[in-house]
There are 2 protein chains.
Amino acid sequence: MARAAAKKTPTRIQRQKTRAILDAALEVFSQHGFRGATLDQIADAAGLSKPNLLYYFEGKEAIHRTLLHRLLDTWLDPLRQLDPAGEPLREIRAYLLRKLEMSRDYPRESRLFANEMLQGAPRISDEIQGELKALVDEKAQVIRGWVEAGRLAPVDPYHLIFSIWATTQHYADFEVQVRGILGAGADGHFHDAARFLTQLYTGGLKPPAAGARRRP
Amino acid sequence: MARAAAKKTPTRIQRQKTRAILDAALEVFSQHGFRGATLDQIADAAGLSKPNLLYYFEGKEAIHRTLLHRLLDTWLDPLRQLDPAGEPLREIRAYLLRKLEMSRDYPRESRLFANEMLQGAPRISDEIQGELKALVDEKAQVIRGWVEAGRLAPVDPYHLIFSIWATTQHYADFEVQVRGILGAGADGHFHDAARFLTQLYTGGLKPPAAGARRRP
DNA sequence: AGTCGCTTTGACCATTTGGTAAAAACCACG
DNA sequence: CGTGGTTTTTACCAAATGGTCAAAGCGACT
């Protein structure tokens with residue numbers, strides 16, 4: 001009994017099917033949430049029969065858990081790259097843009113994560129209070145350092161990070177709303193979002209001084 | 001057969017039970033999503049039996065639909081109050097704070113809405129492209145006017161609104177994450193959030209000019 | 001007190017859904 | 001080409017779930 005659980009070198013077919021299943025599951029889970037998704041849907045999307053699906057994974061939970069674990073790593077990458085040695089504003093802007101790109105390129109992952117958070121993170125609360133918190137604490141320290149050195153306006157590092165998460169992930173998680181309001185037009189809105197957010201974080205909304213309009 | 005559907009004046013009991021049901025349903029739907037919620041859970045939370053529950057509502061969908069419809073109205077109120085005659089920055093800040101308060105005081109509503117968006121808004125896509133879009137278009141026009149009058153930095157009105165939604169609702173929708181990172185301490189973080197967001201939208205992150213630290 | 005209409009209950013159903021068992025089909029490798 | 005392990009399928013379950021129905025209970029008003 002090989003049963004995917006085994007740690008032996010996986011067969012070509014095993015790797016192949018496992019990937020297909022995870023991809024299908026990501027699609028389904030991210031759209032319907034854990035309970036809303038059914039094994040039949042996933043099996044169908046993966047092009048397998050339900051029992052066949054269960055040959056590769058222990059059960060529904062196992063698939064979901066696997067997805068979530070893999071996701072967290074990718075998800076935190078942009079923040080990991082925040083360079084303490086870099087120029088503060090530039091670093092933050094770069095981080096923001098990386099996150100925005102992730103929302104554009106991996107909306108399903110974003111929604112999977114959002115779903116889990118909404119339900120109270122019953123399946124990854126450990127990672128949140130562990131891995132995630134550790135990284136955020138570390139980077140918050142970096143930002144605090146910048147503030148104390150007078151290289152950044154005196155802001156709360158944690159809420160700064162939250163706001164970046166919120167604004168960027170919004171474009172993936174609330175995509176229907178965004179499209180519904182902007183019109184179903186091409187995805188050009190990601191470009192506009194990048195421009196807007198850059199300006200917001202850099203300069204705020206204060207109007208340019210009265211006499212100085214057009215070219216500073 | 002009275003069946004709550006009837007438009008006649010509702011009985012005292014009818015009003016009372018209907019309220020209890022909707023409140024219970026809000027609790028359950030907002031935490032588990034539409035498919036994740038069960039009639040038994042809702043009936044239980046409302047203190048009724050399942051058949052009794054179904055005496056007041058046509059079915060699961062009907063309850064959900066009712067909640068969503070009522071919600072939308074409350075939800076858009078803060079934006080409706082944005083006053084075209086007010087001072088731009090002050091108006092936007094006030095709007096932001098109103099939204100933040102809603103996240104603090106009505107997190108369940110926020111999550112219900114978020115859940116629906118995540119699933120692709122299958123049950124309120126009409127309202128989004130209708131009522132909601134109309135209001136947003138109107139207020140975006142107001143903001144655009146402020147920009148053109150040079151009373152506000154030249155920003156995209158739509159993305160400005162999106163960012164306000166995102167940052168404020170984040171505190172309700174991702175509450176577990178926020179608490180997990182900040183520590184389960186008192187809800188003081190809403191105060192900090194208000195302070196941070198005010199600063200972000202007003203002045204951005206640029207550090208104060210070198211010589212000018214402490215008192216402008 | 002009696003009665004008519006609103007409210008509640010208990011017993012049931014049909015479907016859906018996560019999951020299992022065992023046989024059949026397949027495939028790589030000697 | 002046969003054989004041992006890997007995959008896949010067919011046939012089933014038991015539990016959960018949305019929903020129905022008819023009978024019983026209750027309450028307000030005459």
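Chain letters run A, B, ... following the sequence lines, proteins first and then strands; every chain starts at 1.
Side-chain contact, B:Tyr158 with A:Asp192: no donor N or O sits under 3.5 Å from an acceptor N or O.
With hydrogens and angles ignored, the 3.5 Å screen pairs a side-chain donor or acceptor of B:His69 with a backbone N or O of B:Arg65.
Rounded to whole Å, atom P of C:dC6 lies 15 Å from atom CZ of B:Arg15. In this structure, the CG atom of B:Leu54 is 16 Å from the P atom of D:dA22, given to the nearest Å. What separates OH of B:Tyr55 from P of C:dG10 is a distance of 17 Å, to the nearest Å. Residue A:Phe57 contributes atom CZ, which lies 16 Å from atom C1' of C:dG19 at whole-angstrom precision. Rounded to an integer number of Å, the gap from CG of B:Asn52 to P of D:dA23 is 19 Å. Note: NE2 (B:His64) to P (D:dG19) measures 13 Å, nearest angstrom. Atom-to-atom, CZ of B:Arg35 to C1' of C:dT16 comes out at 8 Å; the value is rounded to the nearest Å.
Note: A:His189 and A:Tyr171 have parallel aromatic rings, judged against thresholds of 30 and 60 degrees for the angle between ring planes. The aromatic rings of B:Trp75 and B:Phe113 sit tilted relative to each other, their planes meeting at an angle between 30° and 60°.
DNA chain D is contacted by no residue of residues 26-34 of chain A, taking any non-hydrogen atom closer than 4.0 Å. Of the residues in residues 39-51 of chain B, those placing a heavy atom less than 4.0 Å from an atom of DNA chain C are B:Ser49, B:Pro51, in numerical order.
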Please tabulate, for the side chains in residues 43-50 of chain B, all donor-acceptor contacts under 3.5 angstrom to protein atoms that are two or more places apart in sequence or on a different chain.
unit_1, atom_1, unit_2, atom_2, d
B:Ser49, OG, B:Asn52, N, 3.3

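A salt bridge is absent between A:Glu127 and A:Arg70; no separation between the charged side-chain nitrogens and carboxylate oxygens falls under 4.0 Å. At a threshold of 4.0 Å, the pair A:Asp77-A:Arg80 counts as salt-bridged, since one of the basic side-chain nitrogens sits closer than that to a carboxylate oxygen.
Partners of B:Arg93 by side chain to side chain contact (heavy atoms under 4.5 Å, CB included), not counting sequence neighbours, listed by chain and number: B:Leu97, B:Thr198.
Taking every side-chain heavy atom of B:Lys60 into account, D:dG19 is the closest of D:dT6, D:dG19, C:dC6.
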Could you list all N or O pairs between the protein and nucleotides 25-29 of chain D that sit under 3.5 Å apart?
unit_1, atom_1, unit_2, atom_2, d
D:dA28, OP1, B:Arg12, NH2, 2.9

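Sorted by first and then second residue, the salt bridge (Lys or Arg N to Asp or Glu O under 4.0 Å) pairs with a member in residues 154-168 of chain A form an empty list; sequence neighbours excluded.
One finds a side-chain N or O of A:Gln14 lying less than 4.0 angstrom from the OP1 or OP2 phosphate oxygen of D:dT7.
Interatomic distance, B:Met117 CE to A:Gln177 CD, rounded to the nearest 0.5 Å: 5.0 Å. How far NE2 of B:His170 is from CD1 of A:Ile164: 11.0 Å, rounded to the nearest 0.5 Å.
Looking at heavy-atom distances under 4.0 Å, A:Ala37 makes contact with sugar-phosphate atoms alone, never a base.
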